[in-house]
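Letters A, B, ... mirror the listed sequences (proteins, then strands); counts begin at 1.
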Protein chains: 2
Amino acid sequence: MTPTKKTPTIYDVAKLSGVSIATISRVLNSPDKVNAETHKKVMTAIDRLGFVPKAEARARAMQGTGRIGVLTPFFTAPSFVQRLRGVAASLSKANYELVIYPVDSLDHLQGHLSSIPLMKNVDGLIIMSLAIEDIDAKRLSASGMETVLIEYKHRGMNSILIDDEHGGNLVAEYLIQKGHKTFAFLGDIEPPEKFSIHPVRSRLKGYKQTLQDAGFSLPKSNIHSAPYTQKESREAAFEILQLPKPPTAIFAASDFQALAVMKIARQLGIKIPDDMAVVGFDDIDVAEHVDLTTISQHLDESGRLAAEVLLSRINEGGRPLQHVNLPLNLIERATA
Amino acid sequence: MTPTKKTPTIYDVAKLSGVSIATISRVLNSPDKVNAETHKKVMTAIDRLGFVPKAEARARAMQGTGRIGVLTPFFTAPSFVQRLRGVAASLSKANYELVIYPVDSLDHLQGHLSSIPLMKNVDGLIIMSLAIEDIDAKRLSASGMETVLIEYKHRGMNSILIDDEHGGNLVAEYLIQKGHKTFAFLGDIEPPEKFSIHPVRSRLKGYKQTLQDAGFSLPKSNIHSAPYTQKESREAAFEILQLPKPPTAIFAASDFQALAVMKIARQLGIKIPDDMAVVGFDDIDVAEHVDLTTISQHLDESGRLAAEVLLSRINEGGRPLQHVNLPLNLIERATA
DNA sequence: AAGCCGTATGAAAGCACTTTCAGTTTAACA
DNA sequence: TGTTAAACTGAAAGTGCTTTCATACGGCTT
């Protein structure tokens, strides 16, 4: 019917450039595996012919899409970013693409969760710091979409967990051992949105528990809640520092908020750690810069791990579900 | 090994309905050519298995959501992250997916640059802080892939530019006006990798120029180069601060490195800004936290803008190329 | 000189379907 | 009853690509 020139295939390119089709494929998919000269020859041929690989054939031959999706709260907090970095590191090593779905509302989350399994345009999913509902979990596993949850547990899905409560314990122990007698807490413990998780409450719980077990009290007046914003964190910090009987130790449930405390303290001429001790949580990059004593939750590592668990589930059939509990440890620096 | 329920293929349907795969295919593609009873049997099996021809699913997925790719140096620097955040904000508003290609070697970059336009699995591309070669640019535009460059200029491609040299001018002007007489510089000005850009050199150039124009000198001994790492930045900061005739003002070409200076200064008991002024560059999140005087290059905004330019080029035919120059301004805080 | 390594390549075996081709029923007609 | 056209059907041959496996080649070491 059509005696005219068909659209060029990989075979045409191979013939023109004098190599085998395998090499063409390699030039396109793993260029680092082919000699620079060959690469150039092939690219020339490709350009000359205007060759475009047929997506459909490609998808067929490849056992998947080579893409991993990450659902993450819209990345505003440094800790998310740092996790993401870990994920990116693992994926790029394994030659997977990273597709990011920022979530900033329940609708958003629901939309993604319902469309992703249908579209199947990713081979696996990492859900970071988001609470998912039973029905979504079911949909995901029914459609065979491998998923790893970070910071949230669901039977039937892999998860990477942080023992926030234990983190709270660690902080309290440390402060007690340092000889402190009066304590405060700053964190975001407002009733969260439906889809969000509340690690901060667990941190508080552990903190309080250990304090009480040791015979210390954490009065209501010393527990201040502030949303995760610059302004409000500072206001809360200000309130704590202006308390009639100011505590000698503050646990801020995130490094970000610990920074706020440090800043206000400086403004008020309160010396850290002499007048007051501050301990944060997360160990984000800057913590080290400002010498903040904090709980490291190995953010990079948790991302890396999530990606690795996911890939192993995808590529090695029938690996069992994993619930990894990441260790937490206190990093002693200059603020407490 | 384990017969995990992979997505069903045409073979599974064939087995379940007791006919050959060809028949299944016919039921799907030319139903009038198959017996009504067979047709029903097959349909039942298809429903039972939830079978969806893969190609179809993929095609649907492809046309549905748009996808934008971002090529970025492997995200280690806070400034990249902050830009990315801007990009993500715009894209998610416009319902585009964000695919990230971290680049950590020239090979990586080349590989992506040659395969992305061909595969056409993204609708547009944002290339952040990477130098691209002529030939790549040509290939990109030849294949009709819309592209926006950030921090690098190439005729024929949209770009979002930062006037780093002017940033250097601003810093010098400010410091001079504050009455400083002796100056230093800290930044990474080593010969960079082939694919990387060198904004830091421009910053230095502008700084030096303005100083000289005003009759001040910036001796070689006061220009220290250090790679963008914690350790080496601190070592360099230490050297500067230990100079026999220490300068009264330091321009650190990135906030990250300014933090290093501040830290070492604190260790040495040097008061900032009384004994010494420090100005950074970037205005990353933490700059505000630590009250660092710095040059804001509107990182979030640059990312947002890049995404917007890209989307407008994609969706509204024939928009002209844009070379946007982002304004830079000095944010006066407590360190200078 | 023999052994060993690492890189670069091609042959060939998939992948999930579609299509062709030849064979089998079935049904209708002489 | 014998013929034959029509209606189905499955085996097998593509389709355009990826990936595994094996080989070849140029160093290096002993």
Worksheet item: Would you say D123(B)'s side chain and I68(B)'s backbone share a donor-acceptor pair under 3.5 angstrom?
Response: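 Checking the backbone N and O of I68(B) against the side chain of D123(B), no donor-acceptor pair under 3.5 Å is found.
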
Worksheet item: For the side chain of S159(A) and the backbone of L161(A), is there at least one donor-acceptor N/O pair under 3.5 Å apart?
Response: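 Looks like no, no N/O pair under 3.5 Å.
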
What's the [atom1]-[atom2] distance between [X] and [N], to the nearest Å?
X	N	atom1	atom2	result
D32(A)	dT7(C)	CG	P	11 Å
E37(A)	dT7(C)	CD	P	18 Å
K15(A)	dA11(C)	NZ	P	13 Å
K54(A)	dC17(C)	NZ	P	16 Å
Y11(A)	dA12(C)	OH	C1'	10 Å
E56(A)	dG16(D)	CD	P	10 Å
I10(A)	dA12(C)	CD1	P	17 Å

Discussion item. If the threshold is 4.0 Å, N to carboxylate O, is there a salt bridge linking R60(A) and E56(A)?
Written reply: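 Salt bridge flag = yes for E56(A) with R60(A).
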
Worksheet item: Can you list the steps and then say if E235(B) with K231(B) is a salt bridge (charged side-chain N to carboxylate O under 4.0 Å, His left out)?
Response: CA-CA 6 Å; E235(B) 284 166 6; K231(B) 185 164 159 287; 3.4 Å; yes

Worksheet item: Which of residues 39-52 of chain A have a heavy atom under 4.0 Å from DNA chain C?
Response: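 Nucleic-acid contacts, sorted: none.
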
Worksheet item: For DNA chain C, which residues in residues 16-31 of chain B have a heavy atom at a distance below 4.0 Å?
Response: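 DNA chain C contact set from residues 16-31 of chain B: I21(B), A22(B), S25(B), R26(B), N29(B).
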
Regarding [X] and [Y], is there a side-chain donor-to-acceptor distance under 3.5 Å anywhere?
X	Y	value
H198(B)	D188(B)	no
R58(A)	N29(A)	yes
R83(A)	S302(A)	yes

Worksheet item: Which pair of heavy atoms, one from L84(A) and one from V70(A), lies closest together, and at what distance?
Response: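 Reported closest heavy-atom pair: CD1-CG1, 3.8 Å.
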
Worksheet item: Does the dT15(D) base have a donor-acceptor partner in the side chain of R60(A) within less than 3.5 Å?
Response: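 Present.
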
Item to complete: May I ask you to test the S17(B)-I24(B) pair for a side-chain heavy-atom distance under 4.5 Å?
Response: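 A side-chain contact exists here, since the closest heavy-atom pair is under 4.5 Å.
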
